[in-house]
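As structure tokens, the structure follows; a few thoughts come after it.
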Amino acid sequence: MDSAYPPHLAEDWDAVGLICGDPEEPADRVVFALDCTDEVADAAIDSGAQMLIVHHPLLLRGVTSVPANSPKGRIIHKLIRNNVALFAAHTNADSARPGVNDRLAEILGVTPGRPLRPIPQPMDKWGFTVPVSDATRVTSAIFATGAGRQGDYEEAGFSFTVTGQFTPVEGAQPHIGTVGQKQTVEERRVEFIAPKALRSKVREALLEAHPYEEPAFDVVETDPGPSDLGIGRVGELDTPMTLREFTDRVADRLPTTRWGVRAAGDPDAMIRTVAVASGAGDSFLTQVAGMEVDCFVTSDLRHHPVDEHLRMGGCPVIDTAHWASEFPWCQQAADMIARETGAETTVLEIRTDPWTLHAGREEA
């Protein structure tokens with residue numbers, strides 16, 4: 001999960017990763033849901049799962065204790081007593097590729113293109129020297145941290161032969177050479193790139209695997225350039241259609257909820273380019289208004305922001321249920337875990353959308 005949805009992509013306020021459970025325990029049966037409600041926790045336990053993976057963190061804001069007689073504590077105690085680990089991938093799964101927003105776009109027939117809000121990915125350029133005989137082992141340990149990934153390639157880097165020299169002084173315990181005598185060694189100079197967020201992990205792996213007491217290495221932060229990671233997606237609709245038709249498509253293709261789907265704008269407006277943002281996305285309205293898009297699909301929209309957006313000439317917007325826009329990711333994540341780990345995975349088909357009733361009638 002951390003490899004597919006790197007934790008460093010999460011927003012500063014978010015709380016992702018393992019919520020409860022022993023990392024050393026087996027997780028051969030894994031179930032997925034959007035929220036960890038009592039019903040979901042009970043279903044995970046009844047299924048014999050050893051791990052429950054959700055999108056929305058159970059413990060996020062204002063939590064200082066989890067007594068068993070509190071709503072969240074009740075769930076935590078229940079899971080721990082039944083040996084079910086709980087893990088959350090939230091805004092990191094929103095920004096990753098493929099992630100929540102890619103799945104939403106694909107379901108709606110929108111090519112998942114550039115993100116609405118790219119996350120700059122500062123990169124480090126690393127270099128170190130190591131005796132030739134140890135180069136493969138040390139480099140493998142470093143690449144295991146996720147370093148050396150570039151686009152669709154892993155373990156990317158280059159190396160060349162150099163001659164190193166050093167003189168161990170009193171107190172040294174040299175891997176090669178003798179105290180007080182100058183030593184020359186045939187070494188490999190290895191260079192690679194890694195996200196800045198991995199700097200501490202890469203350094204730890206290098207120091208642990210390197211045979212020298214004092215390895216020589218350098219790190220230079222580079223220009224991150226454009227990023228394809230981030231919240232939201234912008235892309236072309238597979239078939240141009242009116243807002244009325246596209247709204248019907250959104251309602252037909254997303255999971256059904258009492259909330260349903262509603263739209264604001266000219267029903268006959270033609271939709272070709274679409275921006276999507278899973279979950280609550282009204283903070284993007286100002287940005288979308290300045291973009292060349294024909295429609296914005298998101299959730300949890302409020303009256304005044306939408307009214308002002310349309311008054312300023314903004315594109316039509318479609319408002320879906322928060323749960324409906326994100327639940328399809330569960331299957332994407334389940335398929336990925338099954339493929340990468342061989343674990344038995346199941347998506348719990350439990351609607352955790354909180355809205356249970358809808359009243360009213362269509363305008364004549």
Inset, instruction - Could you please spell out the steps behind the salt bridge (Lys or Arg N to Asp or Glu O under 4.0 Å) verdict for Asp248 and Arg244? - result: CA-CA 6 Å; Asp248 287 340; Arg244 180 183 287 105; over 6 Å; no
Legend entry - side-chain contact (heavy atoms from CB on, under 4.5 Å) against Ala43, all qualifying residues, sequence neighbours excluded: Leu348, Ile350
Inset, instruction - Establish, from distance only, whether the side-chain atoms of Ser159 and Arg189 form a donor-acceptor pair under 3.5 Å. - result: no
Legend entry - CD (Glu191) with more than 12 external heavy atoms under 6.0 Å: yes
Legend entry - side-chain hydrogen bond (donor to acceptor under 3.5 Å, both in side chains) pairs, two or more places apart, involving residues 42-51: Asp42-Lys78
Inset, instruction - Would you mind listing every side-chain hydrogen bond (donor to acceptor under 3.5 Å, both in side chains) that reaches into residues 168-179, with sequence neighbours excluded? - result: none
Only distances under 3.5 Å count here; give the side-chain donor-acceptor pairs of residues 52-72 to other protein atoms, sequence neighbours excluded, each with its distance to 0.1 Å.
residue: His55; atom: ND1; partner: Ala89; partner atom: O; Å: 2.8
residue: His55; atom: NE2; partner: Asp94; partner atom: OD1; Å: 3.4
residue: His55; atom: NE2; partner: Glu326; partner atom: OE2; Å: 3.4
residue: His56; atom: ND1; partner: Asp35; partner atom: OD1; Å: 2.6
residue: His56; atom: NE2; partner: His322; partner atom: NE2; Å: 3.3
residue: His56; atom: NE2; partner: Glu326; partner atom: OE1; Å: 2.8
residue: Ser70; atom: OG; partner: Pro67; partner atom: O; Å: 2.8
residue: Ser70; atom: OG; partner: Gly73; partner atom: N; Å: 3.0
residue: Lys72; atom: NZ; partner: Leu58; partner atom: O; Å: 3.1

Legend entry - Set of residues satisfying salt bridge (Lys or Arg N to Asp or Glu O under 4.0 Å) with respect to Arg199, sequence neighbours excluded: Asp124, Glu221
Inset, instruction - For Ser299 and Ser325, test the side chains for any donor-to-acceptor distance below 3.5 angstrom and give the result as yes or no. - result: yes
Legend entry - More than 12 heavy atoms of other groups within 6.0 Å of Gln287 CD: yes
Legend entry - Any donor-acceptor pair under 3.5 Å from His210 side chain to Thr129 backbone: yes
Legend entry - side chain to side chain contact (heavy atoms under 4.5 Å, CB included) evaluation trace for Asp102 with Arg233: CA-CA 7 Å; Asp102 297 289; Arg233 298 289 181 265; 2.9 Å; yes
Inset, instruction - Assess the side chains of Asp353 and Thr257: does a donor N or O sit below 3.5 Å from an acceptor N or O? - result: no
Inset, instruction - Could you list all the ring-ring contact (aromatic ring centres under 6.0 Å, His included) pairs where at least one residue sits in residues 241-296, not counting sequence neighbours? - result: Trp259-Trp355
